[in-house]
Amino acid sequence: MTICLDMMGGDFAPLEAVKGVRDYLTEAANPALLFLVGDEAQINPLLQQFEIPADKVKVIHAPQVIEYNESPTKALKEKQQSSIAVGFHLLATGKADAFISAGNTGAMLVGAMYSIKPMEGVQRPTISTLIPKDNGNTGLLLDVGLNADCKPEHLNQFALLGSLYAKHILGIDNPRVALLNIGEEEGKGNLLAQSTYPLLKENDQINFTGNVEGRDVFLDKADVVVCDGFTGNVILKMAESIYEITHRKEIKHEYLERFNFELYGGTPVLGVAKPVIIAHGISKAKAFVAMINLAQKMIATDLMGKMKASFESK
């Protein structure tokens with residue numbers, strides 16, 4: 001398998017990406033071939049410095065970079081030789097099996113939507129975040145920002161996408177799916193929640209267990225929690241702040257350490273035809289290792305194929 005990595009995306013590019021590549025190749029028992037896309041003049045000296053084996057990577061020159069402040073759609077059109085544009089070209093043409101970047105998030109989302117395209121039947125692709133549970137388990141929350149405004153049908157599809165991810169990537173046999181709400185009883189919530197509940201209840205492709213409240217998110221009440229992207233993003237940013245505050249105040253506990261985003265790397269775009277993983281802009285080596293491992297698992301389990309088959313059978 002071949003995994004494509006944007007070496008120029010992120011605040012610490014390309015240094016931390018190269019360090020991540022080194023650590024991945026050192027740790028992996030059966031490493032994938034890595035396509036390293038970016039400026040050769042910056043990448044090659046670092047590959048020599050960190051003694052990256054030449055037969056494990058292939059540098060693909062991309063002289064341009066899409067900066068954070070650029071318009072995603074405009075930049076992708078005008079910067080055809082940018083690391084993100086070249087990465088999506090490799091993925092779309094089948095030369096790579098997955099694409100990872102810590103660069104311009106908007107450009108990654110636009111590229112995923114228009115270069116790779118949503119699967120047949122998927123109305124809105126989604127992004128998720130892993131949730132550390134108090135008992136040591138890990139859950140999934142989605143959407144966390146890609147779709148601020150949603151319809152009930154969108155949340156119903158997020159539930160299926162999240163359930164498949166939890167089963168094949170997190171290893172949960174029959175994931176419990178819940179709807180985030182302001183009360184546990186059926187009929188609670190705003191119009192979106194009230195309209196979504198019956199769709200989830202009737203969806204025979206998921207194991208729907210009802211509503212959960214905000215206080216349940218970090219407890220082991222469900223494996224997949226579904227909400228609109230506005231609500232999910234608020235929870236995600238609050239969780240990130242918990243880690244930052246406890247770290248700054250030197251409050252040590254193994255549970256709080258699980259809020260460190262670098263342990264999980266980035267978030268895949270679920271519902272598009274091929275694996276696309278978007279990283280935090282401040283990602284360092286550990287995050288890149290986690291993302292490469294995630295991409296490898298998504299390819300090995302044929303997650304996208306399983307998702308596609310689930311929507312074809314509906």
Side-chain angles (χ1 to χ4, degrees), residues 2-25 32 34-40 42-43 46-47 50 52 57 59-72 75-76 79 81-91 96-113 115-116 125 127-130 144-146 233 236-237 239-240 243-244 259-270 272 274-298:
T2 303
I3 297 171
C4 183
L5 194 60
D6 172 14
M7 303 301 287
M8 310 311 293
D11 295 353
F12 307 109
L15 175 61
E16 289 296 327
V18 171
K19 287 164 70 174
V21 167
R22 174 202 60 188
D23 294 347
Y24 164 75
L25 293 174
L34 302 180
F35 281 179
L36 311 182
V37 182
D39 183 3
E40 288 178 335
Q42 295 185 57
I43 297 170
L46 290 170
L47 295 179
F50 290 100
I52 308 293
V57 300
V59 178
I60 296 172
H61 185 54
Q64 297 175 311
V65 177
I66 296 177
E67 305 293 346
Y68 283 110
N69 58 353
E70 292 189 73
S71 164
L76 278 171
K79 291 187 171 180
Q81 292 303 308
S82 65
S83 52
I84 289 180
V86 172
F88 272 118
H89 175 72
L90 292 167
L91 185 60
D97 300 307
F99 180 41
I100 298 166
S101 176
N104 186 306
T105 301
M108 287 297 292
L109 293 171
V110 169
M113 291 289 285
S115 293
I116 308 307
I127 55 175
S128 63
T129 189
L130 294 175
V144 292
L146 183 52
N233 191 263
L236 171 62
K237 297 296 171 59
E240 288 179 349
Y243 175 74
E244 291 167 5
F259 281 82
N260 181 358
F261 78 91
E262 287 211 294
L263 296 173
Y264 312 110
T267 180
V269 183
L270 302 180
V272 293
K274 297 183 180 183
V276 175
I277 300 174
I278 301 174
H280 212 300
I282 56 172
S283 293
K284 292 190 176 180
K286 182 184 285 188
F288 281 101
V289 174
M291 284 185 288
I292 298 169
N293 283 326
L294 173 58
Q296 192 165 0
K297 194 167 187 179
M298 290 175 73

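Fair warning: this is a prediction, and the values are worked out from it, not measured in the lab.
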Kindly give the heavy-atom pair with the smallest separation between [X] and [Y], and that separation in Å.
{"X": "Val37", "Y": "Gly87", "value": "CG1-N, 4.5 Å"}
{"X": "Ala102", "Y": "His280", "value": "CB-O, 3.5 Å"}
{"X": "Leu294", "Y": "Gly266", "value": "CD2-O, 4.1 Å"}
{"X": "Leu76", "Y": "Ala107", "value": "CD1-O, 3.5 Å"}
{"X": "Pro72", "Y": "Gly106", "value": "CB-C, 3.4 Å"}
{"X": "Leu90", "Y": "Cys4", "value": "CD1-SG, 3.8 Å"}

* Phe261 pairs by side-chain contact (heavy atoms from CB on, under 4.5 Å) with which of Leu130, Ile282, Thr129? ->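 It is Ile282; the other options fail the test.
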Is [Y] close to [X] at the side-chain level, that is, under 4.5 Å between some pair of heavy atoms?
{"X": "Leu91", "Y": "Ser115", "result": "no"}
{"X": "Phe288", "Y": "Val21", "result": "no"}
{"X": "Pro268", "Y": "Ile277", "result": "yes"}
{"X": "Val57", "Y": "Leu25", "result": "yes"}
{"X": "Asn104", "Y": "Glu67", "result": "no"}

* Could you check Ile116 against Val269 for side-chain contact (heavy atoms from CB on, under 4.5 Å), going step by step and ending with a plain yes or no? => CA-CA 11 Å; Ile116 308 307; Val269 183; over 6 Å; no
Between [atom1] of [X] and [atom2] of [Y], what distance do you get to the nearest 0.5 Å?
{"X": "His61", "Y": "Leu36", "atom1": "NE2", "atom2": "CG", "answer": "14.0 Å"}
{"X": "Ile60", "Y": "Ser83", "atom1": "CD1", "atom2": "OG", "answer": "11.5 Å"}
{"X": "Asn260", "Y": "Glu244", "atom1": "CG", "atom2": "CD", "answer": "10.0 Å"}
{"X": "His89", "Y": "Ile84", "atom1": "NE2", "atom2": "CD1", "answer": "16.0 Å"}
{"X": "Glu262", "Y": "Tyr243", "atom1": "CD", "atom2": "OH", "answer": "7.5 Å"}
{"X": "Leu146", "Y": "Leu109", "atom1": "CG", "atom2": "CG", "answer": "5.0 Å"}

* To do: I would like to know whether Leu46 and Met7 meet side-chain contact (heavy atoms from CB on, under 4.5 Å); could you show each step before the answer?
  => CA-CA 11 Å; Leu46 290 170; Met7 303 301 287; over 6 Å; no
* Asked: Side chain of Gln81, backbone of Ala62: donor and acceptor closer than 3.5 Å?
  ->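 Here the side-chain-to-backbone pair does not exist.
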* Asked: Are the side chain of Asp97 and the backbone of Ile3 linked by a donor-acceptor contact shorter than 3.5 Å?
  -> no
* Would you please test Asp6 and Met8 for side-chain contact (heavy atoms from CB on, under 4.5 Å) and show each step? => CA-CA 6 Å; Asp6 172 14; Met8 310 311 293; 3.8 Å; yes
* To do: Determine, step by step, whether Lys274 and Phe99 satisfy the side-chain contact (heavy atoms from CB on, under 4.5 Å) criterion, reporting the C-alpha distance in whole Å, the side-chain angles of both residues, the deciding distance to 0.1 Å, and the verdict.
  => CA-CA 9 Å; Lys274 297 183 180 183; Phe99 180 41; over 6 Å; no
* Does the cation-pi check pass for Lys284 over Phe12, that is, NZ or CZ under 6.0 Å from the six-membered ring centre and within 45° of its axis? ->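 Relative to the ring axis of Phe12, which defines the angle, Lys284 lies inside both limits.
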* **Working for salt bridge (charged side-chain N to carboxylate O under 4.0 Å, His left out), residues Glu240 and Lys237** => CA-CA 5 Å; Glu240 288 179 349; Lys237 297 296 171 59; 5.7 Å; no
